[in-house]
Q: 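Quick one: the structure is below, questions incoming.
Note that the structure is predicted; figures quoted are calculated from it, not measured.
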Amino acid sequence: MSKLFNRVAKVNIGGREFSYPPFSIEFTQEQKIGNLQSATLKLYNPAPETVRVFEAKKKGGGKIFPKVTVSAGYKEDSGTVVLGEAINYSVSQSGLDRVLEVQISDSTTKWSTAIVNKSYKKSSASSIIKDACKTVGIDPGEIELGEDKTYESMTIRGFNESIRKIALDTKSEFYFRNGLLTLQPKTSKKKKVTLLNSSSGLLDKPEKTAKGYKIKTLFLYALSVGMIVKIESKEVNITAKIVKGVKNFSTFGDAGCEFEVIPA
């Protein structure tokens, strides 16, 4: 990989766009299989009207959180990294800068509180998942199960608990990718493998853990949990699955990724 220069970043919220330049932008994103993705976004020296677009709107007894998309990377390699809801924000002073810090999560309110309250008969797990997503307004991504079992009878109430149960029943795992609920077999049947070596972004020596390895890479926007990677270094040569990760990006500071992988 040629050395990457010319960082780019863009934040879109409610149709309004903030780009670098002129905005200085930073974010940290955390990913883990079986969990919602979360991110902390920082915009430097925002105008008061910029801060206001991150405010939640009241609806009935609840709130509607603004949808946020963050794209980042380099002119040669960039794309969507964060897609979720701005669930909280604060403004603070750091030296001469005013810093707007925004907490972003995937469909937080729908995931944690949504009620489906439907019964299904002689229905496949995949069709139940898709119908439940449609009912509560969560967008499904790729749904590929370890075993697409048929339920003679099943009643779904809480969305969160039901997805976890179906994943367990079908030998599958779930995660969010770019705001989309994705399920895949715990043991992948089809493997699209991404090569990671010193030429494609792998940094330093992989660190052995009890279950696999911790690795560091350049900021690679497209790498995420659930993906299969082929790690090639002097110390390690292994095909593995990403199960956890942290991505850090700054238009003026450090940028990179740290992942935990297990043998695939």
Q: If we ignore hydrogens and angles and just use 3.5 Å, is the side chain of S162 paired with the main-chain N or O of G158 as donor and acceptor?
A: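 Confirmed, S162 side chain pairs with G158 backbone.
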
Q: Quick one: does T50's side chain have a donor or acceptor within less than 3.5 Å of a partner on P46's backbone?
A: no

Q: Do K118 and T135 have side-chain atoms, one donor and one acceptor, less than 3.5 Å apart?
A: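 The criterion, which ignores hydrogens and geometry beyond distance, is satisfied for T135 and K118.
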
Q: Measure across Q184 and G226 and return the closest heavy-atom pair with its distance rounded to 0.1 Å.
A: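 Shortest heavy-atom contact: NE2-O, 3.2 Å.
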
Q: Measure from the side-chain N and O atoms of Q29 to the backbone N and O of V81, and report whether any donor-acceptor pair falls under 3.5 Å.
A: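 Side chain of Q29 to backbone of V81, a donor-acceptor pair under 3.5 Å: yes, one is there.
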
Q: Do the ring centers of F252 and Y44 come within less than 6.0 Å of each other?
A: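 Yes, they do, as the ring centres are separated by less than 6.0 Å.
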
Q: Would you say T182's side chain and G141's backbone share a donor-acceptor pair under 3.5 angstrom?
A: no

Q: Is it true that V53 and F27 fall in one hydrophobic cluster, defined by side-chain heavy atoms closer than 4.5 Å?
A: yes

Q: Output, in order, the C-alpha distance, side-chain angles, deciding distance and verdict of salt bridge (Lys or Arg N to Asp or Glu O under 4.0 Å) for K171 and E147.
A: CA-CA 6 Å; K171 299 179 181 178; E147 294 179 1; 3.1 Å; yes

Q: With clusters defined by side-chain heavy atoms of hydrophobic residues (ILVMFWY) lying less than 4.5 Å apart, directly or transitively, does V51 cluster with F54?
A: yes

Q: Would you say V243 ends up clustered with V236 if hydrophobic residues are merged whenever their side chains have heavy atoms under 4.5 Å apart, either directly or through other cluster members?
A: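 Yes; V243 is reachable from V236 via cluster members.
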
Q: Minimum heavy-atom separation for S250 and A255, please, with both atom names.
A: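 Reported closest heavy-atom pair: N-CB, 4.3 Å.
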
Q: Which value, rounded to the nearest 0.5 Å, describes the distance between N45 atom CG and F23 atom CZ?
A: 9.5 Å

Q: Looking only at the side chains, is there a donor atom on one of Q37 and Y175 sitting less than 3.5 Å from an acceptor on the other?
A: no

Q: List the atom of I215, the atom of P206, and the distance in Å for their closest heavy-atom pair.
A: CG2-CB, 4.0 Å

Q: Decide yes or no for V82 and V68: does some side-chain heavy atom of the first lie under 4.5 Å from some side-chain heavy atom of the second?
A: no

Q: Calculate, to the nearest 0.5 Å, the distance between atoms OH and CG belonging to Y89 and L43 respectively.
A: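 Answer for the OH-CG pair, Y89 versus L43, is 12.5 Å.
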
Q: Side chains of K247 and F259: closer than 4.5 Å at any heavy-atom pair?
A: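 Of all side-chain heavy-atom pairs linking F259 with K247, at least one is under 4.5 Å.
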
Q: Do the side chains of V116 and V136 get nearer than 4.5 Å, heavy atoms only?
A: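 Contact flag for V136/V116 side chains = yes.
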
Q: Verify whether one side chain among T155 and S119 offers a donor that lies under 3.5 Å from an acceptor in the other.
A: yes

Q: How about E258 and E207: do any of their side-chain heavy atoms sit closer than 4.5 Å?
A: no

Q: If you apply the rule side-chain contact (heavy atoms from CB on, under 4.5 Å), what do you find for F219 with D254, and how did you get there?
A: CA-CA 9 Å; F219 182 83; D254 294 333; over 6 Å; no

Q: Kindly work out whether a path of hydrophobic side-chain contacts (I/L/V/M/F/W/Y, heavy atoms less than 4.5 Å apart) joins I163 to M154.
A: yes

Q: Flag yes if V70 and Y74 sit in one hydrophobic cluster, no otherwise; membership is Ile, Leu, Val, Met, Phe, Trp, Tyr, and two members link when side-chain heavy atoms are under 4.5 Å apart.
A: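 Yes, because V70 and Y74 connect within a single hydrophobic cluster, where side-chain heavy atoms sit under 4.5 Å apart.
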
Q: Side-chain contact test, heavy atoms from C-beta onward, threshold under 4.5 Å: evaluate it for E144 versus P185 and give yes or no.
A: yes

Q: Looking at R16, I'd like to know if its CZ atom is crowded, meaning that more than 12 non-hydrogen atoms belonging to other residues, nucleotides or ligands lie closer than 6.0 Å.
A: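 Above 12, so yes.
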
Q: Could you check whether any side-chain heavy atom of F159 comes within less than 4.5 Å of a side-chain heavy atom of I138, counting everything from C-beta outward?
A: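 SC-SC contact between F159 and I138 confirmed.
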
Q: Out of the candidates L195, N197, I238, only one should pair with K230 under the side chain to side chain contact (heavy atoms under 4.5 Å, CB included) rule; please name it.
A: L195

Q: Could you go through S224 and R177, starting from their C-alpha distance and side-chain angles, then the distance that decides it, and tell me whether this counts as side-chain hydrogen bond (donor to acceptor under 3.5 Å, both in side chains)?
A: CA-CA 8 Å; S224 67; R177 180 183 291 165; 3.0 Å; yes

Q: Decide salt bridge (Lys or Arg N to Asp or Glu O under 4.0 Å) for K122 and E152; before the verdict, give the C-alpha distance in whole Å, the side-chain angles of both, and the deciding distance to 0.1 Å.
A: CA-CA 4 Å; K122 291 185 171 24; E152 288 298 314; 2.8 Å; yes

Q: Tell me whether E173 is salt-bridged to R164, with the criterion being a basic N under 4.0 Å from an acidic carboxylate O.
A: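 No.
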
Q: Taking the side chain as everything from C-beta on, heavy atoms only, tell me whether K10 gets closer than 4.5 Å to E17.
A: yes

Q: Is atom CG of N237 surrounded by more than 12 heavy atoms (other residues, nucleotides or ligands) closer than 6.0 Å?
A: yes

Q: With rounding to the nearest 0.5 angstrom, report the CG to OG distance, D148 to S127.
A: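 Answer rounded to 0.5 Å: 7.5 Å.
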
Q: Near K186 NZ, under 6.0 Å, is it more than 12 heavy atoms from other residues, nucleotides or ligands?
A: no

Q: Check whether any side-chain heavy atom of S233 sits under 4.5 Å from a side-chain heavy atom of S198, and report yes or no.
A: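 Not touching, per the 4.5 Å side-chain cut-off.
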
Q: Checking K149 against Y151: charged group under 6.0 Å from the ring centre and within 45 degrees of the axis?
A: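 Yes; both conditions hold, so K149 lies above the ring face of Y151.
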
Q: Rounded to the nearest 0.5 Å, what separation is found between the CD atom of E260 and the NZ atom of K214?
A: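 Here the interatomic distance stands at 5.0 Å.
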
Q: Counting only N and O atoms by type, is there a donor-acceptor contact under 3.5 Å from the side chain of N248 to the main-chain atoms of T28?
A: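 Not at all, since once roles are kept as given, no pair shorter than 3.5 Å links the two residues.
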
Q: Could you give me the CA-CA distance, side-chain angles and deciding distance for D131 and Y120, then say whether side-chain contact (heavy atoms from CB on, under 4.5 Å) is met?
A: CA-CA 10 Å; D131 185 74; Y120 302 87; 2.6 Å; yes

Q: Using atom types as modelled and distance alone, determine if a side-chain donor or acceptor of T209 lies under 3.5 Å from a backbone N or O of G212.
A: yes

Q: For the CG atom of L181 and the CG atom of L183, what is their distance to the nearest 0.5 Å?
A: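 Here the interatomic distance stands at 5.5 Å.
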
Q: So, taking the atom named CZ in F249 and the one named OG in S71, what distance separates them when rounded to the nearest 0.5 Å?
A: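 With rounding to 0.5 Å, CZ (F249) is 10.5 Å from OG (S71).
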
Q: So, the side chain of N88 versus the backbone of Q103: is there a donor-acceptor pair under 3.5 Å, distance only?
A: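 Answer holds: no.
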
Q: For V229, run the side chain to side chain contact (heavy atoms under 4.5 Å, CB included) check against V193, T239, L202, L196 and tell me which one passes.
A: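 Testing V229 for a side chain to side chain contact (heavy atoms under 4.5 Å, CB included) against V193, T239, L202, L196 leaves exactly one candidate, L196.
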
